[in-house]
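As structure tokens, the structure follows; a few thoughts come after it.
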Amino acid sequence: MALARAERLTFAYPEARAPALRDVSLELEPGEVVAVLGPSGSGKSTLLRAFAGLVPHFHGGRFEGRVEVAGRDTRSVRPAELAGTVASVFQDPEEQIVLSLVIREIAFGLENVGTAPEEILSRAHEALAAVGSEHLADRAVAELSGGELQRVCLASAVALRPKLLLLDEPTSQLDPGSADAFIEHVAGLGIAVLVSDHRPRRILEHADRVVFLERGRVVLDTAVPAAKTWLGENRPAWLGAATNGRATVQAERVCRLDSVQFAYRAGLPVVDGVDLELHRGEIVVLVGANGTGKTTIAKLAAGLLTPDSGTADLRGRAGMLLQDPTRYSIRERADEEVAVGVHGDRARARKALGTLGLGGMEGRHPRDLSSGERERLALASVLVIDPDLLVLDEPTRGVDPQRKAELAQLLHAGSERRATLVVTHDEDFARAVADRSVLLGQETILV
């Protein structure tokens with residue numbers, strides 16, 4: 001008997017022009033790991049929300065068909081009543097955090113599902129260890145990097161020991177080692193897992209089945225070997241990115257960090273003794289484990305932070321795409337959002353939106369866009385100013401493989417006009433764009 005099923009599910013968000021899901025039927029067996037793939041805006045997140053009961057109870061909208069989890073109809077059961085049976089980790093971990101200390105955050109969910117008090121702390125520590133984050137137990141949430149925060153949310157879900165685990169881009173901010181360890185752990189839990197990921201190579205190694213969505217419809221539902229064959233013939237970008245083999249010519253230096261040190265708290269430097277040069281015409285990729293200071297270095301290069309010691313020299317104008325760009329949206333329309341950096345020039349903003357594949361979405365509210373579309377909107381807001389230094393922090397978060405390939409081409413096409421620094425855990429994207437890679441070591445020293 002299926003643990004969860006959707007029968008002819010059609011759903012449209014309030015005021016949406018078209019349904020996010022169209023006539024979707026899907027069954028999940030106990031212990032089955034199912035990968036949900038598809039372009040940005042194809043309905044993957046909506047499908048996960050439907051199995052969590054958040055669609056329609058939290059989001060509202062028009063709901064047709066039926067969704068059952070453990071024999072319970074989600075139309076008549078509130079999401080809170082499914083807690084413990086279903087656990088979710090969504091694309092924006094910042095929006096899931098409630099408490100200020102990591103161990104209390106993990107314990108909070110266990111308390112809410114009625115876990116025996118004497119078991120709570122041991123299960124919280126066990127879950128943190130499972131995602132390689134036991135050392136974060138006593139850390140303040142506000143001090144965590146994006147990747148560390150994502151692992152805390154993953155630990156909170158794993159701690160509940162659910163029958164169905166719903167994961168939306170669960171490794172988007174994790175370094176490769178952490179991502180491998182987490183996926184292996186999840187696959188070994190013996191529970192049903194429905195996981196959406198735009199870096200599918202790793203997921204496909206552990207999944208039993210693949211569901212591919214396009215425009216809200218299921219176009220493929222089959223076992224992994226057959227799915228790989230179909231992807232190779234019809235959607236090859238989902239099986240890996242090409243390697244960058246272009247020759248580059250470095251022009252003048254745009255940015256230089258010389259023996260830079262920076263600490264958010266006195267005596268605890270996040271970066272220490274960092275040297276880095278960025279030249280016009282090259283794309284430099286900064287890689288390394290979570291919490292080793294990559295985002296801090298990016299902010300120092302862009303002039304958003306001032307080093308405590310050493311020097312940071314920037315020649316020209318910098319533009320930076322930050323992690324979770326939705327938090328920085330300040331306008332009601334997409335074209336107005338992009339036009340902020342060019343003194344309200346909406347014609348120029350619309351041109352930038354078209355370049356990023358967002359033509360026709362000029363009047364949409366930024367928060368009504370999918371995660372991948374919001375990432376591209378934020379990128380348009382940065383590119384429109386034509387910066388001398390372009391800094392991108394996890395630019396492929398929520399972006400499907402085809403759009404990643406287009407983004408790589410876009411960065412290459414304009415690279416001679418600027419220096420580009422990319423912070424990413426996306427190995428395929430890094431190989432596709434990098435002219436030079438810089439590894440940030442465990443002790444926050446560039447090697």
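In this chain, numbering begins with 1 at the start of the sequence shown.
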Between the side chain of Thr229 and the main-chain N/O of Pro225, is any donor-acceptor distance below 3.5 Å? yes
Which ring pair (Phe, Tyr, Trp, His ring centres under 6.0 Å) pairs, counting each pair once, include a residue from residues 198-222, with sequence neighbours left out? Phe212-Trp230, Phe212-Trp238
Pair up each side-chain donor or acceptor in residues 154-164 with any protein partner under 3.5 Å, not counting sequence neighbours, and list the distances.
unit_1	atom_1	unit_2	atom_2	d
Ser156	OG	Val152	O	3.1

Just wondering, more than 12 heavy atoms not from Arg8 lying within 6.0 Å of its CZ? no
For the CD atom of Glu184 and the CG atom of Leu189, what is their distance to the nearest 0.5 Å? 12.0 Å
Please enumerate all residues that pass side-chain hydrogen bond (donor to acceptor under 3.5 Å, both in side chains) together with His135, with sequence neighbours excluded. none
Sorted by chain and residue number, the side chain to side chain contact (heavy atoms under 4.5 Å, CB included) partners of Pro236 (sequence neighbours excluded) come out as none
Listed by chain and number, what are the side-chain hydrogen bond (donor to acceptor under 3.5 Å, both in side chains) partners of Arg217, not counting sequence neighbours? none
If we ignore hydrogens and angles and just use 3.5 Å, is the side chain of Glu105 paired with the main-chain N or O of Val98 as donor and acceptor? yes
Cut-off 3.5 Å, side chains only: do Ser122 and Glu119 have a donor facing an acceptor? no
Keeping to residues at least two apart or across chains, list the salt bridge (Lys or Arg N to Asp or Glu O under 4.0 Å) pairs with something in residues 133-157. Arg139-Glu143, Arg139-Glu148, Glu143-Arg265
Partner residues of Glu205 under the side-chain hydrogen bond (donor to acceptor under 3.5 Å, both in side chains) criterion, sequence neighbours left out: none
Are any side-chain N or O atoms of Glu373 and backbone N or O atoms of Ser370, one a donor and one an acceptor, separated by less than 3.5 Å? yes
Short side-chain to backbone donor-acceptor contact, Asp197 and Pro200, under 3.5 Å: no
How long is the gap from CG on Leu3 to CD1 on Ile191, to the nearest 0.5 Å? 9.5 Å
Distance-only check: which donor-acceptor pairs under 3.5 Å involve side-chain atoms of residues 390-398, not counting sequence neighbours?
unit_1	atom_1	unit_2	atom_2	d
Asp393	OD1	Thr295	OG1	3.4
Asp393	OD1	Gln323	NE2	3.3
Asp393	OD2	Thr295	OG1	2.7
Asp393	OD2	Gln323	NE2	3.3
Glu394	OE1	His425	N	3.4
Glu394	OE2	His425	N	3.3
Thr396	OG1	Asp426	OD2	3.1
Arg397	NH2	Gln91	O	2.8
Arg397	NH2	Asp92	OD1	3.0

Applying ring-ring contact (aromatic ring centres under 6.0 Å, His included) to Tyr264 and not counting sequence neighbours gives Phe262
With rounding to the nearest 0.5 Å, note down the distance linking NZ in Lys294 to CG in Leu439. 9.5 Å
Answer yes or no: is there a donor N or O on one side and an acceptor on the other, between the side chain of Gln96 and the main chain of Phe90, under 3.5 Å? yes
ring-ring contact (aromatic ring centres under 6.0 Å, His included) against His59, all qualifying residues, sequence neighbours excluded: Tyr13
Residue pairs involving residues 348-364 (criterion side chain to side chain donor-acceptor pair (under 3.5 Å); sequence neighbours excluded): Asp335-Arg350
Please determine whether a side-chain nitrogen of the Lys or Arg among Arg209 and Asp221 lies less than 4.0 Å from a carboxylate oxygen of the Asp or Glu. yes
Within the side chain of Arg75, is there an N or O that forms a donor-acceptor pair under 3.5 Å with the backbone of Gly65? yes
When you measure from the side chain of Asp435 to the backbone of Glu282, do you find a donor-acceptor pair of N or O atoms at a distance under 3.5 Å? no
Can you tell if the side chain of Ser42 reaches within under 4.5 Å of the side chain of Arg215, non-hydrogen atoms only? no
Salt bridge (Lys or Arg N to Asp or Glu O under 4.0 Å) pairs touching residues 42-66, sequence neighbours excluded, are Arg62-Glu64, Arg66-Glu68, Arg66-Asp73
